[in-house]
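Just so it is clear: chains get the letters A, B, ... in the order the sequence lines come, proteins before strands, and each one is counted from 1.
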Amino acid sequence: MKIFVLVVNRVIWFVPTLLGLLAIVFFISHVIPADPAAFAAGENASAATIAEMRARLGLDQPLHIQFLRYVQSILSGDMGRSIYTGRPVSEDLLSRLPATLELTLVTVVVAALIGVPLGVVSALRRNSWVDHALRFVTIAGLAIASFWFAILLQLFFSMQLGITPLTGRVEGWGPEPITGFYIIDSLINWDMETLLDAFHHLILPVATLALPAAATIVRFTRAGVLNALESNYVLYETAMGYPRSQIVWKYVLRNALIGTVTQIGLIFGILLAGAVVVEAVFDWPGLGMFAVNSILNSDYNAVMGFTLIAGTMFIVVNLLVDILQGLIDPRETR
Amino acid sequence: MRQVFRKLAEDRSSMLGLALILIVVFAAILAPWLSTHPGDVTEFHTAIRLSPPNADNWLGTDRMGADIYSRLLYGARITITIAVVAILVAVLIGVPVGLVAGYYEGLGSDLLMRGSDVFLAVPQIVLAIAIAQTLGPSIENVILALSVTYWPFWARLVYAETRSCKNETFVEAAIALGCSPWRVMVLHILPSISSSIIVRTTIGMGGTILTAATLGFLGLGPPPPTPEWGRTIAESREFLPMAWWYAAFPGLAIFIVVMGFNLLGDGLRDVLDPRLRRASSGK
Amino acid sequence: MESDLIAVRDLRVAFASDAGLAKVLDGVSCSIRPGEIRGLVGESGCGKTTLARAILGILPPNSARIQGGQVLFGGRDLLTVPEAALAREVRGREIAYIPQDPSTAFNPVFTIGTQIADLMHWKSPLLRDPSFRGNARARREADLARVVEWLRLVQLPNPEALLRKYPHEVSGGQRQRLMIAMALLPEPKLVIADEPTTALDVTVQAQILKLLKGLARDRNVAVLFTTHDLGAAYEICDRITVMYAGQEVEEAPVAEFFNRPSHPYTRKLLDSLPSAETGLRGIPGEIPRLIDPPPGCRFNPRCERATEICQQRPPAELAGPGHSVRCHHRLTEFAA
């Protein structure tokens, strides 16, 4: 019951945020350009096509009517046609979604597996050389441009050593598409060769994306553990002789992780932003590469569609994180 | 204030950060004098294209035969200009919005903050891509795209700080003494929250430079032949692995300046705002 | 002396700060007999919490420096016992702890039951009971029965339901009753109660104190009770030690303490108790800075009886039968 109230509460905030996102994208695509129809029709469109586009998009209508129609069409899944692929943008985006999700989800797991233990160690060995080294490395990890790091990894591991694939998700064609997640699909088909190949291809893109994500997790976990270590309950637990290992790995860690979980939303934002360039560098056929190609081709509808879907994903992830936090933090479900 | 400087001066990593920033800023200012081939921003020498680092071209040449070292120096000017102007505009929008919304309580304030929350609900780079794509590639448009997406950070911060500051005795006293709202905000609240703004701005500089470089890499930055660092790395890709210097040095330049701001921001936060560091574990 | 449960000898603890070393405990001695309820009274900052934590060995490791002294307990000097052994054998088993603020002493993200079960896992007296050896399950069940019984003893309603709750779901008074139960469950010899009622409502304070006193008396458990509230100390203590600026200045049985205070500071403390005739009266002057304390007797700047000698030489401890004081000009002769 408490959980139900919590979920409803958070979902109610979701709707205005989504409307706000629509308003911003509408403003960018319909109000800023001198002639939105020309944008939507593409660079080489004839005057007749542009005129037709203007009528179809209702650009002769007043702005608030335009906005209503815009929201209506987006909600019914119509984001216009891509000038480059000739297909509806929504279809293009949907077909590329699994590739990006697979990449970002694997990255979140890897980043958490690396970041949480390092954050705990950094806090436990506060002001030791380990702590100082980790502080420097995490600051550096957040200062490296991910497209540059990706290129360096390619240069060294793929081109110089030849031990990792340069680009793509698998060699040749992927597994029979069922979910679009190659790891899951190859497991369903029990195709171990493809599975290994998929992992092999994931190494460099995941390494690139995981660097800033793990750095963020290390910093938040460290702060959370330090906060907890200085708390009254740790003083009490120490005074009553609970073993140090139980205090740290059970009592402190649970508290610190609740703080870290709230940051997953933020981290997902970093990953989504990073995916745009990382996918472009590794020819990873996901949303990011689609966005970059659309930018290069001046495929306006596609870029706006990407903005919408990336924004929506980010909002949804934050919604889920909020609910998750409510579930694991007993203080939230009052 | 003096104590702040002394504590900061004792922190080796902050000083390293400051040194890195100063190096890049001086490189930008003194670019015409430091560069070995000042003409190479627009001039090409196809005969020596893609030469590796050597005595004449310290960091090698690019696909047009232009000196990478010289172009990097001029690129620093672009990067610093974009970051400083974009952050300045974002601060000039965000701080007043946050102050006013934090000082007055009511529907207007709520709407302002909800609005900025929507901007914060979307990754900055995604919005910046959409705006830059609509406006077309140029320095001015990159700056515009960045300031439009970054101002809500300051609005949020200043709003929260103003709200908590409003209950402090010195602000209540100023209000009770009949100071005008404008006076209270600018002369009483703003100075007491300035350290948080300084910390946020320093850290924000690093993020802004990274986003600007990413826009450049995606072809949404200032158009060629501008020696923008992100664009240079994008250009280099078709000449890898042979011309490694072409990609390596511009990325190193980005790393140095962003690292500088991050190190300084981290140190400033410890000295100016220890509360922020502790609060960073939760919301 | 031979029957002392715990004896603190000449304990010196300093805290490092930006301004220098603060001598928070400067040669404190104090001993407690089995079953005795001892009050440790003083203004905030006098070092009573530091003394309590030094006995438990839970001073903040980064800033606190133990510069000398002994804490004799069970034939050992606790200051020399390794941390791991202290945690395993002493804390929570021989010496238990009741914290100042029960609302923050519970871990917020685990149920009360989990936290008590973990405590019992390590500290249950049944661990020493040979009949449960090799039968952990039976022991856990017996432990649970003991816990439920103890929650009844501290007058908590509906113990089974309480164990399933999170700390923020129960009241402050209930949390402190839980803390008392948790302190006594392992059957310790000494309980250190660090201002256990400061964070509670006045109406609840008296009940909690009475409860603590009754339970400790019945089981012959000694209590070290720190407080700045003389009224509370009067309620439950057998003997009272007064601390001032890092030193103990007077120690006496409770009746003698209130009837014949010997140290001028004790006198002022008693005078500062509000009464119908006098109203509220403070003690003029400020607590000395512990980084460079005044020479001689630390109380001399605030003392009306201070003379030259008080500024020159720290007073030696004068011990009578059951009553001792550190003062050059004590107010009363000790009772014979």
Side-chain angles (χ1 to χ4, degrees), chain A residues 16-17 19-21 23-25 28-29 32-33 39 132 135-136 139-140 142-149 151-152 154-155 159-160 219-221 223-228 256 258-260 262 269-270 272-273 276-277 280-281 291-292 294-296 298 300 303-304 306-307 310-311 314-315 318, chain B residues 13 16-17 114-115 117-135 148 206-207 209-211 213-214 217-220 229-230 233-234 236-237 240-242 244 247-248 250-252 254-263 265-266 277-283:
Chain A
T17 313
L19 268 180
L21 172 66
I24 291 176
V25 177
I28 295 172
S29 61
I32 295 180
F39 264 110
H132 289 304
R135 170 175 161 165
F136 199 80
I139 294 178
L142 291 168
I144 291 185
S146 52
F147 55 90
W148 182 61
F149 188 55
I151 290 172
L152 289 190
Q154 269 185 338
L155 254 176
M159 298 172 175
Q160 206 71 37
R219 292 175 73 81
F220 278 115
T221 307
V225 170
L226 281 182
N227 242 346
I258 287 174
T260 304
T262 59
I270 298 176
L272 215 52
V276 175
V277 288
V281 174
V292 173
S294 308
I295 292 168
L296 296 179
S298 300
Y300 194 72
V303 176
M304 290 305 138
F306 167 76
T307 307
F314 191 58
I315 295 171
N318 276 302
Chain B
S13 65
L16 174 64
R114 285 285 140 239
D117 278 354
V118 172
F119 280 90
L120 291 176
V122 185
Q124 266 47 60
I125 183 76
V126 172
L127 269 191
I129 286 174
I131 295 171
Q133 171 79 349
T134 305
L135 296 171
V148 166
I209 291 171
L210 271 185
T211 313
T214 306
F217 178 78
L218 295 175
L220 293 169
W229 294 343
I233 296 175
S236 76
R237 289 191 61 209
L240 295 179
M242 194 272 286
W244 56 268
L252 199 61
I254 298 172
F255 174 68
I256 286 173
V257 61
V258 178
M259 187 75 184
F261 280 110
N262 285 5
L263 281 173
D266 212 52
R277 181 161 215 197
R278 305 199 64 197
S280 62
S281 61
K283 279 184 187 173

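Contacts between A:Leu155 and chain B at a heavy-atom distance below 4.5 Å involve the side chain alone, from C-beta outward. Proximity to chain A (any heavy atom under 4.5 Å) is shown, for B:Phe255, by both the backbone and the side chain. Using a 4.5 Å cut-off between heavy atoms, A:Leu296 contacts chain B through its side chain alone, with no backbone atom that close. Neither the backbone nor the side chain of A:Phe149 comes within contact range of chain B; no heavy atom of the residue lies under 4.5 Å from a heavy atom of that chain. Using a 4.5 Å cut-off between heavy atoms, B:Thr134 contacts chain A through both its backbone and its side chain. Using a 4.5 Å cut-off between heavy atoms, A:Leu21 touches chain B through backbone and side chain atoms alike. Of the atoms belonging to A:Ser146, not a single heavy atom falls under 4.5 Å from chain B. Contact of A:Ile151 with chain B is made through the side chain alone, with heavy-atom distances under 4.5 Å. Contacts between A:Val281 and chain B at a heavy-atom distance below 4.5 Å involve backbone atoms as well as side-chain atoms.
When A:Gln160, A:His132, A:Met159 are compared by the number of non-hydrogen pairs under 4.5 Å with chain B, A:Met159 comes out ahead. For the set A:Gly311, A:Ala23, A:Ala140, the entry with the most heavy-atom pairs within less than 4.5 Å of chain B is A:Ala140. No other option in B:Gly219, B:Ala247, B:Gly260 has as many heavy-atom pairs under 4.5 Å with chain A as B:Ala247. In terms of non-hydrogen atom pairs under 4.5 Å with chain A, the most contact-rich of B:Ala234, B:Ser236, B:Ala248 is B:Ala248. Put simply, of B:Leu252, B:Leu16, B:Val148, B:Ile129, the one with the most heavy-atom pairs under 4.5 Å next to chain A is B:Leu252. Interface remark: of the candidates B:Asp117, B:Ile125, B:Leu210, B:Leu210 forms the most heavy-atom pairs closer than 4.5 Å to chain A. Your options are A:Val277, A:Leu19, A:Thr221, A:Leu152, and the one with the most heavy-atom pairs under 4.5 Å with chain B is A:Val277.
Closest heavy-atom contact between A:Gly20 and B:Val118: C-CG1, 3.4 Å. Minimum heavy-atom separation, B:Ala130 to A:Thr307: CB-OG1, 3.4 Å.
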Review point. Do A:Trp148 and B:Ile254 pass the side chain to side chain contact (heavy atoms under 4.5 Å, CB included) test, and can you show the C-alpha distance, the side-chain angles, and the key distance before you say yes or no?
Key: CA-CA 9 Å; A:Trp148 182 61; B:Ile254 298 172; 5.9 Å; no
Practice item. Walk me through it: do A:Arg135 and B:Ser13 pass the test side chain to side chain contact (heavy atoms under 4.5 Å, CB included)? Key: CA-CA 10 Å; A:Arg135 170 175 161 165; B:Ser13 65; 3.2 Å; yes
Point to revise | Worked check of side chain to side chain contact (heavy atoms under 4.5 Å, CB included) between B:Val126 and A:Leu272 | key: CA-CA 9 Å; B:Val126 172; A:Leu272 215 52; 5.5 Å; no
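Within the model, atoms CG of B:Asn262 and CD1 of A:Ile144 stand 11.0 Å from one another, a figure rounded to the nearest 0.5 Å. Taking CD1 of A:Ile139 as the reference point, atom CG of B:Asp266 lies at 4.0 Å (rounded to 0.5 Å). For the atom pair CD1 of A:Ile295 and CG of B:Leu220, the computed distance is 4.5 Å after rounding to the nearest 0.5 Å.
Under the side-chain contact (heavy atoms from CB on, under 4.5 Å) criterion, A:Ala280 pairs with A:Val292, sequence neighbours left out.
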